[in-house]
Amino acid sequence: MSALAAAIVDGHVVAKRNLIKIKRVPEVLVFVLMSPIMFVLLFAYVFGGAITPPDGVNYREFLIGGIFAQTVVFGATFTGAGLAEDMSKGIIDRFRSLPMSRSAVLVGRTASDVVYNVLSIAIMSLTGLVVGWRIRGSLLDAAGAYLLLLLFAYAFSWVMAYVGLLVPSVEVINNASFMVIMPLTFVSNAFVPLEFFPSFLQGFVEWNPVSSVTQAVRELFGNAGPATSEVWAMQNPVLYTLLWIGLILVIFAPLSIRRYMRASMR
Amino acid sequence: MTEVIVATGLVKRYGDVTALDGLDLAVPEGSVLGLLGPNGAGKTTAVRILTTLLRPDAGTVEVAGVDVLAHPHRARERIGLSGQYAAVDEHLTGYENLEMIGRLYRLGYKRSRVRARELLERFDLAEAGNRPTKTYSGGMRRRLDLAGALVAEPDVLFLDEPTTGLDPSSRTTMWTVIRDLLRQGTTLLLTTQYMEEADQLADDIIVIDHGQAIAHGTADQLKSQVGGERIEVVVADPADLLAAERVVAEVAVGEVHVDEGTNAIAVPVGGGPRDLMVALRGLDVAGVELLDVALRRPTLDDVFLSLTGHVAQPGRERLAGGPGGEAATTVAGGPSGQEVAS
């Protein structure tokens, strides 16, 4: 069996195991799924009044695309936490003493978290509908938006998997991932339009992949027209996001797998 | 006889700490090697190296004909490991745990299910099989972990402190389970800090301390290193000590020890129960009243103490209430005849 086939076959078994845990302890989902709802309410009703998107777009309409992006980025923490927890348990020794694929634990974890992301995106969509967000483009484009979000979520899971393997214990994972997540999501166009940033930050915002996911999703859902920014990333947000997805996977998948093997060798 | 596990010159350092300092071991097919030593002696490090979980800084390892360091994946197909910290998933049921392991051994869907049921049945877990394992007792979890190690019917089994932390009755159950396995010809390497456990299960024992083997032999050979049997008596009246000493000295094959603090006398003997009867008759004639009397063979505790100058695990044995006791033949007296001379 090739290494890739083995990783998929064994990863499937591990993913099934992770999903059983979600079924047995659904509480772990409740709070993580609640957080995007909190963000919608917070920005729609608290900060929203102070922010006016360009072209007279309704702020809530503008906001939901950003929260979709933010949701999948924050959701990746779930991957990191799950892995950090696994690493602290005896079950990892069991996995390592079996003649199974070395990457199966990571492949399985990132795969089972797709299910989690589907759930959180569904909840986000419902919340959006409640506060007045609508899909205004074609259904095909909307499907494209969801697919792009899931792909980005999957890739970002690998980043957080790496963080989860770096931290010494589960307690550290939330703070550690915030170091990555906070600047990426808040210094982006997710909550605040580009024009509101000081000029020295605008370059970062324009090339930030979270901005491009947000821009892509807004365009595909028909919530916003093309970006006002002239930079390539903002003019080609779907392509630029796909490039990032590829780049993240190429870098973080091997990095995480190597880290996993070393961390569990202690 | 073929050696199924062979390790030579194992060295493992963590910074300044040397966990293993040139350990050699060999286990012939179908036999049991006990690695005996206190916490931190290097037992777990040795098992982790032998089972591919850790790479040594130096040394060679061959298990079931496979060079473990060169071909860890192939070695994993041949071994079963059950560790000190039961490697079961607490959210999965016992059945799901075993089925998952079967799948990961690539036994196939059907075979994995059948095997999971077989093992649950065999380890007396059938009833608990559909409950998440976090509801299991410590003993049940260990049995499930052992079952996990047996899913693919490995030729070689490694058990790292299989009964540490278990209550005495779970420990006895675990020993029965392990003995049943051995009847089927499994080659086993077992680590333990309980002398009694090594005595009960192992054909061959390596005593390790500070990452080195400090003694090697069968339980009997090791015990004979610290001398043979002895009679221990506790007299009721300290005034009788002298008279009692004179009586037991008649059967002594060595020096008689008298402990005036505890009114205990220990005397090495060569004739076992026969000498004990002679001594008791003599004591009776002399009118010595006894609180306690025992014929005691040296335990591996004594071996360990005499080899290392420190006990394997201070105080723990007696709190755990278990091992050590059965080696003494209590003839009469108090509830804990074996502790006469302690």
Side-chain angles (χ1 to χ4, degrees), chain A residues 1-3 5-29 78 81-83 85-109 111-112 116 170 257-258 260-266, chain B residues 12 14 44-45 47-55 66 71-93 95-109 112 131-135 141-142 144-145 148-149 151-152 154 157-158 160:
Chain A
M1 202 184 286
S2 79
I8 292 170
V9 170
D10 296 340
H12 170 249
V13 178
V14 175
K16 190 180 150 200
R17 167 233 172 205
N18 298 340
L19 292 177
I20 290 175
K21 178 182 175 181
I22 294 185
K23 199 172 79 183
R24 299 268 150 79
V25 198
E27 293 86 345
V28 298
L29 279 187
F78 197 63
L83 261 182
E85 195 190 341
D86 277 353
M87 296 306 285
S88 70
K89 296 268 167 80
I91 188 76
I92 236 48
D93 275 352
R94 171 63 67 211
F95 286 145
R96 295 194 55 247
S97 71
L98 295 176
M100 61 189 268
S101 161
R102 296 290 88 186
S103 51
V105 169
L106 293 164
V107 169
R109 171 62 63 183
S112 60
Y116 161 78
V170 191
I257 290 168
R258 197 165 324 146
Y260 165 75
M261 287 165 74
R262 205 170 311 154
S264 50
M265 264 287 178
R266 276 190 299 237
Chain B
K12 182 70 190 177
Y14 295 97
T44 297
T45 307
V47 169
R48 291 181 71 82
I49 289 172
L50 296 170
T51 56
T52 78
L53 299 185
L54 197 63
R55 283 190 80 82
V66 177
H71 306 288
H73 196 80
R74 226 184 292 161
R76 286 182 201 116
E77 291 170 357
R78 316 291 297 272
I79 63 172
L81 166 66
S82 178
Q84 189 174 349
Y85 307 102
V88 300
D89 190 304
E90 59 176 4
H91 298 294
L92 265 53
T93 64
Y95 172 77
E96 287 164 343
N97 263 291
L98 295 179
E99 196 224 77
M100 173 179 75
I101 294 169
R103 303 285 305 273
L104 292 172
Y105 268 117
R106 312 249 167 74
L107 297 186
Y109 189 51
S112 301
R131 287 200 333 244
T133 60
K134 68 174 171 193
T135 65
R141 227 174 278 201
R142 293 292 179 88
L144 182 66
D145 191 49
V151 165
L157 192 60
F158 294 86
D160 187 18

Peer 1: Examine whether an atom of A/K23 lies under 4.5 Å from a heavy atom of chain B, and if so say whether it belongs to the side chain, the backbone or both; otherwise answer neither.
Peer 2: neither

Peer 1: Tell me, for B/A75 versus chain A, whether the close heavy atoms (under 4.5 Å) come from the side chain, the backbone, both or neither.
Peer 2: neither

Peer 1: Measuring from A/S97:OG to B/L104:CG, what's the distance to the nearest 0.5 Å?
Peer 2: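 Rounded to the nearest 0.5 Å, the OG-CG separation comes out at 10.0 Å.
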
Peer 1: For the atom pair CZ (A/R96) and CG (B/L81), what is the distance rounded to the nearest 0.5 Å?
Peer 2: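 Going from CZ on A/R96 over to CG on B/L81, the span is 10.5 Å.
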
Peer 1: Which pair of heavy atoms, one from A/P99 and one from B/E77, lies closest together, and at what distance?
Peer 2: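 Minimum heavy-atom contact is CB-CG, 3.4 Å.
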
Peer 1: Please state whether the side chain, the backbone, both or neither of A/L98 comes within less than 4.5 Å of a heavy atom of chain B.
Peer 2: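 For A/L98, the contact with chain B is made by backbone and side chain together.
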
Peer 1: Can you find a heavy atom in the side chain of B/T93 that is under 4.5 Å from one in the side chain of A/R24?
Peer 2: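 Yes, side chains in contact.
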
Peer 1: When you look at CZ of B/R131, are more than 12 heavy atoms from neighbouring residues, nucleotides or ligands closer to it than 6.0 Å?
Peer 2: yes

Peer 1: About how many Å separate CG of B/D160 and CG of A/D93, when rounded to the nearest 0.5 Å?
Peer 2: 9.5 Å

Peer 1: Need one label for A/R17: side chain, backbone, both or neither, based on atoms under 4.5 Å from any heavy atom in chain B.
Peer 2: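 Looking at A/R17, backbone and side chain both touch chain B.
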
Peer 1: Nearest 0.5 Å, please: how far is CD in B/E90 from NZ in A/K89?
Peer 2: 4.0 Å

Peer 1: Do you know which two heavy atoms are closest between B/H73 and A/M100, and how far apart they sit?
Peer 2: CE1-O, 3.6 Å

Peer 1: Evaluate the side-chain proximity of B/M100 to A/I20: yes if any heavy-atom separation is below 4.5 Å, no if none is.
Peer 2: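 A side-chain contact under 4.5 Å is absent here.
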
Peer 1: Taking only Lys NZ, Arg NE, NH1 and NH2, and the carboxylate oxygens of Asp or Glu, determine whether B/D89 and A/K21 approach each other closer than 4.0 Å.
Peer 2: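 A salt bridge is absent here (no side-chain N lies under 4.0 Å from a carboxylate O).
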
Peer 1: Give the minimum heavy-atom separation between A/R94 and B/A149, together with the two atoms involved.
Peer 2: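 Residues A/R94 and B/A149, closest heavy atoms: NH2-N, 3.7 Å.
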
